[in-house]
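Working notes, beginning with the structure itself.
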Amino acid sequence: MIRIALWVLAALYLLLVGLWPAALAPVALALSGATTLIAAVPGVVWVAAGVIAWLKHKSTPTPAKTA
């Protein structure tokens, strides 16, 4: 029984090791494409976009109510 379990575990290990690089390839390609797009835009544009987004979404303080 233990020998069958060991063979099953060995088969699962080999299946996982064999399929992992093929399953990871689309993720690696997507990440390299994203880094290419990020690198194509100048840093000043990213900073300006961040500042604009921060100014657009920052909360405005409400004035204190006087009774």
- Query: Is it true that atom CG of Leu6 has more than 12 heavy atoms of other residues, nucleotides or ligands lying nearer than 6.0 Å?
  - Reply: yes

Exercise answer: donor-acceptor pairs, residues 16-45 side-chain atoms, under 3.5 Å, sequence neighbours excluded:
residue	atom	partner	partner atom	Å
Ser32	OG	Ala28	O	3.3
Ser32	OG	Leu29	O	2.9
Thr35	OG1	Leu31	O	3.2
Thr35	OG1	Ser32	O	2.8
Thr36	OG1	Ser32	O	2.8

- Listed partners of Lys58 passing side chain to side chain contact (heavy atoms under 4.5 Å, CB included), at least two apart: Trp54, Leu55

